[in-house]
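Data first, discussion second: the structure below is written as structure tokens.
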Amino acid sequence: MGHKMEDYIVAENREINGHELGLYAIFDGHSGRKVVEYLQSNLFDNILAEPTFWTNPETAIKRAYRETDYEILDKIVGSRGGSAAVTGILIDRQKLIVPNVGDSRAVLCTEGVAKRLSVDHDPEKEKKVVESRGGFVTQMPGNVPRVDGRLAMTRSFGDESLKDHIISKPDIKITTIDTNAEFMILASDGMWKVMSDQEVCDCVGQFNDAQEASEELIKEALSRGSLDDISCMVVMFH
């Protein structure tokens, strides 16, 4: 990998206003350990503090992401690093909200079929957006497309030096968790570079224990030659 591991995982339960919440996240930092630590400590608190979270969660989450990014840029002075983020908020085991920025991914498995719940913010796909903000996308031979030749995603927290050309606005997917939904996988891009959504779903489907399943996923990704940081989380619903 050639660099320190900067992934952080959050998995916790809370009870708020009579609701049971499952809060899950993977933060994949790039030269941004302080940024990731800040997200781990503050992002969910900022989301749940938004007064419209219960009535208009999409608006509340977008505002919380924007404000959290402002806080990072203000408090982590001179930070050149940043972080991707994929988060899941499960409300009363029935409503699942998945916001994401960057290239970490969430996949839901329902009756053995994988369904992606996030959007990979790839520079080639969002090239026009980057260019409209005054940036550019380039790709060196044998490498991936990068914003201004540096960052392999168009959305992230932090990355102060690129902030004029990238954003922290999340894509948000809201899904109903019914009796057919089996589990959700959150993972950083080190997993998805070598395994498809369905391959990951098939692998997890062999296990009844979430911890065993997540450990097996990492072993499988490593056996396939993944050279990037790999973090994953499996959330079983039933």
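These numbers come from the heavy atoms of this one structure, side chains and all, not from hydrogens, waters or symmetry mates. The shown structure was predicted, so the numbers you read here are calculated from the model rather than taken from an experiment.
- Shown here are the salt bridge (charged side-chain N to carboxylate O under 4.0 Å, His left out) partners of E216, two or more places apart in sequence or in another chain: there are none.
- Looking at residues two or more places apart in sequence or on another chain, you find a side-chain contact (heavy atoms from CB on, under 4.5 Å) between V235 and Y24, M184, M233, F237.
- In this structure, G190 and A221 approach most closely via the heavy-atom pair O-CB, 4.5 Å.
- Screening residues 201-215 for salt bridge (Lys or Arg N to Asp or Glu O under 4.0 Å), with sequence neighbours left out, gives no hits.
- Taking every heavy atom of both residues into account, G29 and D7 meet most closely at N-OD1, 4.1 Å.
- Scanning both residues, D92 and G18, for their nearest heavy atoms gives OD1-O, 4.5 Å.
- Considering all non-hydrogen atoms of both residues, T52 and A60 come closest at OG1-CB, 3.5 Å.
- Side chain of D148 to backbone of G135: no donor-acceptor contact under 3.5 angstrom is found.
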Report task. Using the side-chain contact (heavy atoms from CB on, under 4.5 Å) rule, take K95 and L90 through it: C-alpha gap first, then chi angles, then the decisive distance, then the call. Result -> CA-CA 6 Å; K95 182 179 181 180; L90 182 62; over 6 Å; no
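- Tested against T87, the residues P99, S104, S118 include a single side chain to side chain contact (heavy atoms under 4.5 Å, CB included) partner, P99.
- Shown here for P57 and I97, the closest heavy-atom pair between the two residues is CB-CD1, 3.8 Å.
- A donor and an acceptor atom, one from each side chain of S188 and D28, are nowhere located under 3.5 Å apart.
- Judged as a disulfide (SG to SG under 2.5 Å), and not counting sequence neighbours, the contacts of C109 are C201.
- L162 belongs to a hydrophobic cluster whose other members, connected by ILVMFWY side-chain contacts under 4.5 Å either directly or through intermediates, are V130, V137, V147, L151, M153, I166.
- Taking 4.5 Å as the limit, some side-chain heavy atom of I72 sits within range of a side-chain heavy atom of L39.
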Report task. Let me see the working for I47 and I89 under side-chain contact (heavy atoms from CB on, under 4.5 Å), right down to the final yes or no. Result -> CA-CA 10 Å; I47 291 173; I89 303 172; 4.0 Å; yes
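- Between the side chains of D103 and H121, no donor-acceptor pair of N or O atoms lies under 3.5 Å.
- No donor-acceptor pair under 3.5 Å is formed between the side chain of S41 and the backbone N or O of Y38.
- The two atoms that bring A152 and V144 nearest to each other are CB-CG2, 3.8 Å, heavy atoms only.
- By the rule that hydrophobic residues join a cluster once side-chain heavy atoms approach within less than 4.5 Å of another member, I185 and I230 end up as members of one cluster.
- Taking a cutoff of 4.0 Å between a charged side-chain nitrogen and a carboxylate oxygen, R224 and E199 qualify as a salt bridge.
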Report task. Evaluate side-chain contact (heavy atoms from CB on, under 4.5 Å) for V98 paired with V86, printing each intermediate quantity in order. Result -> CA-CA 7 Å; V98 176; V86 60; 4.3 Å; yes
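- Counting Ile, Leu, Val, Met, Phe, Trp and Tyr side chains that sit under 4.5 Å apart, directly or through other members, V113 stands alone, with no cluster partners.
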Report task. Please step through salt bridge (Lys or Arg N to Asp or Glu O under 4.0 Å) for the pair R14 and D45, ending with a clear verdict. Result -> CA-CA 11 Å; R14 298 188 193 181; D45 288 342; 2.9 Å; yes
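- Here F157 pairs with Y65 under the ring-ring contact (aromatic ring centres under 6.0 Å, His included) rule; sequence neighbours left out.
- Annotation: salt bridge (charged side-chain N to carboxylate O under 4.0 Å, His left out) contacts of R116 (sequence neighbours excluded): D120, D197.
- Distance alone, capped at 3.5 Å, places no donor-acceptor pair between the S226 side chain and the L222 backbone.
- Applying the salt bridge (Lys or Arg N to Asp or Glu O under 4.0 Å) test to every pair with at least one member in residues 181-196, sequence neighbours left out, gives these pairs: D189-K193, K193-D228.
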Query raised in the report: Under the side-chain contact (heavy atoms from CB on, under 4.5 Å) criterion, do V234 and L217 qualify, and how do the steps go?
Result: CA-CA 10 Å; V234 176; L217 277 177; 4.2 Å; yes
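- Looking at heavy atoms from C-beta onward, I9 lies out of side-chain contact with F27 at the 4.5 angstrom threshold.
- Here I167 pairs with R133, R155, K169 under the side-chain contact (heavy atoms from CB on, under 4.5 Å) rule; sequence neighbours left out.
- Applying the salt bridge (Lys or Arg N to Asp or Glu O under 4.0 Å) definition to pairs two or more places apart or across chains, those involving residues 61-72 are E50-R63, D69-K163.
- Proximity of a side-chain donor or acceptor of D171 to a complementary backbone N or O of V119 within less than 3.5 Å is not detected.
- Side-chain heavy atoms closer than 4.5 Å link hydrophobic residues (I, L, V, M, F, W, Y) into clusters, and following such links, possibly through other members, connects L23 to I172.
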Using residues 173-180 as the side-chain source, report each donor-acceptor pair under 3.5 Å to any protein atom, sequence neighbours left out, with the distance given to one decimal.
unit_1 : atom_1 : unit_2 : atom_2 : d
D178   : OD1    : N180   : N      : 2.9
D178   : OD1    : A181   : N      : 3.3

